[in-house]
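Take a look at the structure below.
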Amino acid sequence: MSTIATITTSFLPPFNGYAVLVAPALLILVAFFSLFADKLHVPDRAAAVVAAVVAAVGACWMALGADNVILFGYQLVYTGDARFAATAILVLACAWFVWTAAAGTGRTREATALAALSVSGAVLAVAALDLIVMLLALELTSMPAYVLIGYRRYRIQGLEGALKYFLLSVLTSLFMIYGASMLFGLAGSTHFAELRALTQSPLSLLAFVLLIIGLFAKLSAAPFHWWAPDAYAGSEPWTVSFAATVPKFAGILVIVRLIQLVSTGFSLAQSLLLIGAVASMVVGTFAALTQSDTRRLLAYSGVVNVGYILLVVAASAGPDGATYSTIALVSSVVYALAYTAATMGVLLVASGEGGRLSDLAGLSKRRPAAAWCLALFVLSLIGVPPLAGFFGKLELFMTAWAAGQQVFVVIATVVTVVSAFYYMRLIKAAFFDEPERQVAASEDSAEDTADVAPDVAADSAAPETPTPAPTSRVGVGVALGILLAVTLLLGVLSGPIITWLT
Amino acid sequence: MEHVAQNLNLWWVLLVPLLPAAAFVVLLPMSRRVRNACRFVPIAAMVVALGLSIAAAVQVYPGSHIGEPFWQVAWQLATLGGHAVTISFAVDSLAVLMLVMVCIVGICVQIFSLFYMKDDDRRGWFFCVMALFLAAMLGFVLSGSLLVEFALWEIMGVCSYLLIGFWYRDEAPRKASQKAFLVTRTGDVGFFVALAAIYAACGSFEFEHIFATVANWSPALLMVSSIGLIWAAIGKSAQIPLSAWLPDAMAGPTPGSALIHAATMVVAGVFMLTRMLPVLTLNPLAMQIILVVGIITALYGAILACFQTDLKKVLAFSTISQLGYMVAAIGVGSATAAVFHLTTHAFFKALLFLTAGIIIHATHTQDMRQMGGLARRMPITTVVWTIGAFSLAGVLPLSGFFSKDEIFTVIWHSGQYWAFAGAAAVGVLTSLYVVKTWFTVFFGNSCNVNAHEGTATELVPVSILAALTLVCGFLTIPLARFLGHEGEWPSLTMAATSTAVMLCGAALGYTIYARQRSTERLKQIFNVVVSAADARFYLDWVYDTFFIRPYFWLSEALWKLDAVIIDGAVNGVAWLYRGLTRLINLLDARIIDGAVNGAAWLYRALTRGAQWFDSTVIDGIVNGLGTLSRAIGAALRRVQTGHLQRYQRLIVGAAVVIVAVLVLVLRFL
Amino acid sequence: MPTVGLTAVVLLAAALFAIGLYGAISNDSAIGILISLEIMAISITVNLMGFARFSSVAQANAWFFSVFLMVITAAEIGIGLALVVAVYRRARTSEVDDLSELKG
Amino acid sequence: MLLTIIIALPLLGVLISALLPHRAESGAKWVALLVTGADFVLAAWQLVQRGITGTTGMQLETSLSWIPQLSVHYHIGVDGLSLPLLVLSTLLCFLAVLASWKITVKPRFYFAMLCLLSLGLNGVFTALDLVLFYVFWEVVLVPMYFLISQWGGERRQYASIKFFLYTFFGSVFMLVAIVALYLYTGSFDLTQLRDLIAQTAALKGAGIGSIQWWLFGAFFLGFAVKVPIWPLHTWLPDAHVEAPTAGSVLLAGIMLKMGTYGFLRISVPLLPQGFSGWQLILGILAVISIVYGAVVAFAQKDVKKLVAYSSVSHMGFAMLGIAAGTAEGFNAAMAVNISHGLCTGMLFLLVGMVYERTHTRQIKDLSGIAAQMPVYAGIFCFASFASMGLPLLSGFVGEFLTMVGSWKSPALPGIITVIAGLGILCGGAYMLWLMQRMIFGNPTPAVEGQPDITLREILCVVPLAALVLVIGLSWNTLLQFTDPFAAALVKILGA
């Protein structure tokens with residue numbers, strides 16, 4: 001234990017403040033409250049409103065909280081970047097909850113509960129400095145996501161997507177846990193600081209690789225991204241907007257922190273990450289070019305963006321990477337927020353319309369404000385200044401270039417230019433295409449009611465026809481407004497944000 | 001020859017060009033009706049300008065050499081890289097002479113057009129543009145820097161464009177104006193290059209600065225600037241090969257042609273050459289070129305004038321040939337001869353044009369064949385035309401004889417005997433076509449019964465010009481001395497030769513045209529020459545086939561290049577993509593049923609992709625990259641088959657591959 | 001009888017892990033996959049117990065780790081079975097190969 | 001502080017006009033008019049004041065740190081090069097708003113986009129920090145894309161996507177060059193970069209193949225697409241034909257100047273050795289642009305396309321001026337920038353007026369305008385003669401100085417100047433050919449009975465015409481600003 005103390009105190013002054021855990025605790029409470037909402041004769045969307053308020057309070061709490069809080073004997077450490085990440089996650093969650101409260105169709109209580117649990121897991125995961133806590137937090141974040149993907153029980157695609165997501169994730173997380181157990185066995189302790197002291201042996205190397213592969217799967221980085229397109233295409237854009245952003249954000253933080261603290265021991269960490277980065281960029285871009293479904297397109301765009309982040313992480317994992325580790329951490333966190341905010345924005349705009357690109361047709365005529373928000377989110381994803389995407393990419397590429405990955409940065413620039421092609425198709429759909437048929441309900445929602453098999457077993461009580469509560473335009477506006485604010489301000493205020501992160 | 005003191009303060013001479021300019025500025029914004037009403041404003045302005053120029057002439061009287069200004073004003077136009085660039089106006093003897101000449105002719109033409117244009121509803125605009133033109137010409141004459149000269153040179157070009165195209169409703173004037181402006185601008189390209197070269201050489205455009213440093217210019221620079229200036233003069237003074245625009249310019253109103261295409265603008269080229277003589281004389285080759293061009297143009301103009309049936313075309317070609325004379329005079333280095341001929345020519349050619357205007361107005365046609373026997377119906381016009389025509393031909397007491405004789409003597413003294421022979425031949429032809437027009441228009445069977453004499457407003461200016469043509473001849477000596485050159489009466493032998501030349505032409509003309517004998521037999525004998533002449537020696541044909549038609553073709557071709565090749569490369573992508581997706585679907589059927597584990601399949605897909613990629617590169621379609629990525633994208637989507645088992649195998653396969661690769665790397669590391 | 005060494009236990013765990021992995025890959029029915037995933041989880045616990053017993057690692061940590069592992073596995077099975085049942089009710093099959101509607 | 005106000009004022013316009021309630025939609029144009037008008041007045045007042053005191057070195061500078069980690073500063077300032085362009089940009093934006101008075105399709109967003117475009121343009125011309133410059137460079141791209149794609153002609157979607165991708169393609173290379181410069185010298189600030197580059201050993205090499213040469217090449221790609229220089233120009237005709245009148249006026253009037261401004265502000269002063277390597281290539285490409293633009297313009301059937309190709313030709317003169325590398329050349333480039341902005345702005349406004357009346361831009365349908373609309377025909381002739389380069393008008397200043405500059409330049413052979421002279425002739429040719437077919441002749445059915453030019457439309461054009469005449473008559477009104485900058489530039493190249 002002494003070695004842990006010396007290492008962590010070298011850069012983290014001890015300070016006991018369990019108050020920081022208020023946010024996750026409140027969220028778990030909200031989850032229980034929303035599960036039993038119908039017992040308390042509370043209207044369906046009230047849960048989402050409460051969750052939104054809690055998330056907002058949690059975000060402020062995290063933002064204004066003290067720095068360098070160490071809990072549970074250095075297992076959970078809220079340094080500057082962890083607090084920023086937690087605030088970011090809570091802001092995203094708050095936006096999602098506001099949107100659900102405003103325009104969630106059908107029963108939203110359970111979705112709120114699941115989301116609240118997942119967020120609390122994510123808030124813990126960003127600060128984990130111990131293998132067990134990390135695994136627990138990651139599982140807590142991703143399990144509700146499996147269920148959220150399959151949320152519409154009466155639609156086979158949703159369930160099929162959820163099952164695939166579940167089985168593949170469990171398989172890869174078992175890889176991860178197996179690797180973690182092996183590392184624990186060899187190093188004698190589960191704390192990252194101890195793992196750094198691990199001597200390099202073929203067995204420990206294999207364990208580390210398995211651990212990283214598990215994390216790759218969580219982030220849907222290439223060779224292990226197969227679940228993402230099917231899982232997202234199966235379910236509604238509303239649930240995908242959560243499942244595609246918050247777990248991924250937590251996964252990014254974990255892998256960045258892990259590489260920063262542990263990788264020095266493993267010389268091959270950099271090449272492994274580079275393989276993952278290049279594979280993700282290449283596979284994600286090519287596959288996305290021919291997509292006709294918004295959710296699938298954003299799934300592949302997610303793969304590409306994770307590729308960019310892995311590139312920076314790989315840069316900081318190199319032999320002389322230590323000098324760049326802080327900037328790498330900072331730029332990857334900033335870029336992760338920029339990317340997730342934009343993706344959630346696009347998906348929330350698409351939730352009102354429907355999953356496929358053709359559903360977005362004529363959006364500029366129906367909902368001009370939403371169409372312009374969509375355009376801004378897409379431009380941020382492309383990386384057009386002065387939006388967040390550009391500054392995120394600028395810092396990412398400059399750090400990677402400075403750390404010596406010039407070749408891969410050139411690949412990344414080419415991928416950015418190619419990505420402009422398929423992102424523009426979103427704008428093209430929203431602004432130029434004319435909606436073919438005037439059927440208000442898109443094909444997904446039509447399916448919701450159509451394939452309710454008549455002879456469904458009694459206990460699953462055919463879903464009461466979802467009394468469509470009126471979507472309050474103000475709520476949708478607020479949700480998109482929050483995300484828009486993040487996209488616009490992150491770029492311009494990147495100066496103070498970086499000072500906060502370091 | 002004592003020189004007048006240089007410190008005369010002649011600031012008011014600048015008013016001469018400014019008055020018509022003010023008239024233009026006043027008239028421009030007016031509505032059509034108001035502008036028609038105050039047509040007199042420009043005339044008043046010109047009268048005052050004439051007064052001032054005569055006063056200047058008196059003030060400056062004994063005159064001095066060309067290029068030594070009595071008074072000069074300069075101000076700074078701009079600083080270029082810290083180096084100041086100035087523009088200036090200078091009053092010297094040549095300028096004053098030209099001021100007087102231009103003002104006289106200008107006033108006569110304006111008074112004439114009062115009547116001639118009285119029933120045209122846009123006459124106000126006509127006077128407005130005339131005023132601008134006169135202002136530009138007067139300014140041009142007074143300019144002391146090459147840049148000012150060039151600027152006003154182009155303003156005159158625009159005015160001629162507007163005047164030729166005055167009746168823009170019909171086709172001919174529109175085409176003629178554009179042709180005139182473009183051909184003159186072709187000349188201006190030379191002026192541009194010359195200006196750039198001169199500025200590069202001596203860093204300024206002022207004449208005295210240029211003349212001071214011209215001695216130590218590099219020969220290449222001297223050649224370029226002189227060739228450029230000559231090319232510009234050729235363009236402006238309608239010399240060969242850029243003379244095609246002047247005959248077509250007759251489509252404009254006659255008074256306009258009288259002022260611009262006889263008296264003033266076309267001589268601008270000659271005037272500029274006289275101004276830049278000190279530079280040109282240093283370059284013997286340039287002088288030789290000028291001489292050759294002058295003589296050839298004179299011959300070209302004279303020959304074609306004989307074959308014209310349109311009265312105004314005859315005068316146009318006659319102007320071209322007389323300009324050839326002036327250019328030849330400069331070619332042999334004598335500025336005074338050229339200027340003297342320029343002045344006399346201005347008077348009698350303006351006279352001829354205005355009289356032609358009266359005749360056309362009376363007979364309502366420009367075709368000489370429909371005219372005849374006008375002498376009886378229009379006596380005064382006939383007398384006045386005779387004075388002008390005979391002065392053109394070079395009959396003894398008239399001014400034409402003296403100025404032409406001056407040129408003959410100068411060419412003779414220069415020792416270029418071939419040039420003298422050419423000049424003589426032109427003299428013969430000139431008197432030939434003068435006599436021809438004289439007989440066909442005024443004598444023979446009278447076919448215009450209702451032809452009536454011109455009104456007073458027409459005849460007054462014409463008679464003034466006629467008087468001047470009579471008087472000018474006797475001013476040879478004082479004029480020469482005014483320009484600072486020791487003039488003397490033409491020697492007896494030279495006078496005899498030129499009269500002989502004139503009489504020979506006249507006799508030839510009398511025999512052919514006096515007795516209305518049919519000229520068909522003559523036409524068969526010289527049929528080749530006649531058909532060539534009809535086509536103006538194929539000059540226009542050369543323009544069309546070598547310049548205008550290829551230019552149209554080139555612009556179409558380049559636009560297609562632009563639209564097809566450069567654009568095609570960019571939006572060729574869409575067409576390519578459709579073709580290749582069909583190819584992929586074909587391959588698609590075979591891959592799926594092959595149950596392959598992830599790693600092996602990935603490898604084969606890459607090799608096939610590489611082989612397919614080579615075939616596209618070999619075709620050289622670089623932009624296929626966009627399509628390639630879509631094709632690979634489509635191929636990758638094939639892997640995403642939705643079968644869970646496949647995904648699991650892919651994951652495990654990938655993990656195995658990665659571990660294998662890392663282990664290999666570890667061993668070699 | 002020869003004492004069982006650390007390497008023996010680790011090898012056993014690795015073998016169990018491999019069996020579970022093969023079961024997950026080759027099985028068609030979802031239930032089959034779930035069961036093999038459980039086998040893999042158990043192999044991790046065996047591995048942990050091996051380290052706890054033989055290597056100098058703090059035993060308490062190993063026990064915590066395996067307890068938490070069991071918690072995670074229990075949760076996963078709960079969700080997994082719920083999903084399989086829901087899929088069965090909707091598509092009348094739990095054969096994974098039939099569920100290939102989502103692709104591209 | 002005043003400069004920040006000038007830049008940020010249009011932002012106010014964007015916010016107000018975008019957030020107007022649906023009922024008060026028509027108020028948007030008044031808001032835009034007010035904002036751009038105030039912006040122009042402020043900028044013009046600065047110009048007049050600077051005119052009196054002279055502009056040596058950077059004026060109205062403000063520098064705040066924006067991203068300290070990357071040493072990126074919000075550093076803006078104005079000097080002889082950028083002040084005239086800033087005034088031209090604010091003037092053209094004001095006139096563009098005045099010209100689009102009859103926009104009825106979603107006016108709030110239209111005028112918001114115009115104000116955003118004005119903000120971007122003001123920013124580009126005053127930014128003195130490479131990242132800030134790049135940000136404003138891209139900001140200009142987005143509103144123009146929406147202006148063309150939302151309010152354009154039939155093939156507007158194709159034209160806008162092509163416009164976006166062409167410029168985006170160019171600017172990616174520019175970004176790479178900016179980042180490379182930062183990595184070599186550690187600073188983005190334009191004022192310090194020159195001596196930093198001079199000191200860093202890595203960037204020492206001159207001539208082809210040296211690092212400076214490659215950097216100049218990357219910047220060249222970014223700016224050449226914008227100028228546009230010959231092979232990269234195919235987006236211009238499409239973008240112009242499909243853009244609304246106000247869009248074309250701004251696109252041709254001021255956005256093309258961003259390219260030449262980029263060369264004069266970044267490429268030439270910062271990379272003198274790189275510039276000397278590229279000088280001949282630039283010269284040749286410029287002359288090709290001049291002749292190519294003029295010849296192809298001759299074959300056009302659509303008036304707007306003709307004027308678009310004429311812009312390619314005129315900007316070719318600006319590039320030739322820059323390639324010459326002499327004081328006259330740089331003055332010429334800046335003179336062409338301003339005078340082309342004025343002349344082409346006038347031409348596009350006039351073409352827009354004809355389009356508003358006859359709804360056709362095909363030359364064969366339009367003729368005899370002089371008979372039907374005499375005052376309009378007069379102004380059109382004035383604008384055509386100005387763009388043809390007639391002396392006493394501003395077109396002549398630029399073209400003449402380019403000829404003089406390129407002749408004096410040691411790097412360019414004499415033949416280039418002669419070809420440029422031919423280019424001027426071809427320029428005259430297509431303008432006269434257009435006037436002959438469109439203005440003169442008998443009125444066609446489309447032109448018959450059209451009302452003459454109205455007062456509002458005259459107000460659009462008169463300021464431009466006045467400036468063209470003033471600059472044409474006394475060259476010093478413009479050259480007093482540009483000459484100190486040109487002299488400084490020549491000193492840098494000389495050193």
Side-chain angles (χ1 to χ4, degrees), chain A residues 157 160-161 163-169 171-172 175 200-202 205-206 208-210 212-214 216-217 221-231 233-234 266-272 275-276 279 282-292 296 299-300 414-415 417-419 421-422, chain B residues 570-571 573-574 576-578 580-581 584-585 588 597-599 601-603 605-606 609 612-613 623-669:
Chain A
Q157 285 88 350
E160 182 195 324
L163 188 63
K164 278 185 195 163
Y165 183 15
F166 170 77
L167 288 174
L168 290 170
S169 302
L171 179 71
T172 44
F175 278 174
Q200 174 117 335
S201 69
L205 177 72
L206 181 68
F208 182 77
V209 162
L210 285 175
I212 294 298
I213 285 174
F216 271 13
F224 309 99
H225 67 290
W226 308 107
W227 56 271
D230 291 3
F266 299 91
S267 63
L268 293 179
Q270 183 172 37
S271 41
L272 174 61
I275 294 172
V282 169
V283 165
T285 320
F286 286 153
L289 274 172
T290 54
Q291 292 309 337
S292 63
R296 211 175 267 282
Y300 283 116
V414 169
V415 163
V417 173
V418 174
S419 71
F421 283 93
Y422 57 77
Chain B
V570 171
N571 44 22
V573 167
L576 261 173
Y577 171 61
R578 272 190 301 284
L580 283 160
T581 34
I584 294 290
N585 293 345
D588 181 23
N597 69 37
W601 182 87
L602 209 62
Y603 176 72
L606 274 179
W612 170 78
F613 175 76
N623 288 61
L625 278 180
T627 336
L628 165 70
S629 49
R630 280 199 182 76
I632 293 182
L636 275 173
R637 285 184 63 179
R638 291 291 165 286
V639 175
Q640 193 82 25
T641 56
H643 291 286
L644 183 68
Q645 295 306 81
R646 167 179 295 276
Y647 294 160
Q648 283 175 328
R649 287 182 199 126
L650 282 174
I651 284 185
V652 171
V656 164
V657 163
I658 286 183
V659 166
V661 164
L662 289 183
V663 164
L664 278 173
V665 165
L666 185 67
R667 182 159 303 113
F668 291 115
L669 199 56

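All values below come from the heavy atoms of this structure, side chains included, with hydrogens, waters and symmetry mates left out. In what follows, every chain begins at residue 1, and chains take the letters A, B, ... in the order their sequences are listed. Keep in mind that what you see is a predicted model, and the values were worked out from it rather than measured.
- Applying the ring-ring contact (aromatic ring centres under 6.0 Å, His included) test to Phe216(A) and every residue at least two apart in sequence or in another chain returns nothing.
- Only the side chain of Leu206(A) comes within contact range of chain B, with heavy atoms under 4.5 Å apart.
- The part of Thr172(A) that comes within reach of chain B is its side chain, from C-beta onward, which places non-hydrogen atoms under 4.5 angstrom from that chain.
- Put simply, the side chain of Lys164(A) does not reach to within 4.5 Å of the side chain of Trp226(A), judged on heavy atoms.
- Ile658(B) touches chain A through its side chain: at least one heavy atom from C-beta onward sits under 4.5 Å away, while N, CA, C and O do not.
- Between the side chains of Asp230(A) and Tyr165(A), no donor-acceptor pair is found at a separation under 3.5 Å.
- Judged purely by atom type and a 3.5 angstrom limit, Trp227(A) uses its side chain to pair as donor or acceptor with the backbone of Ala217(A).
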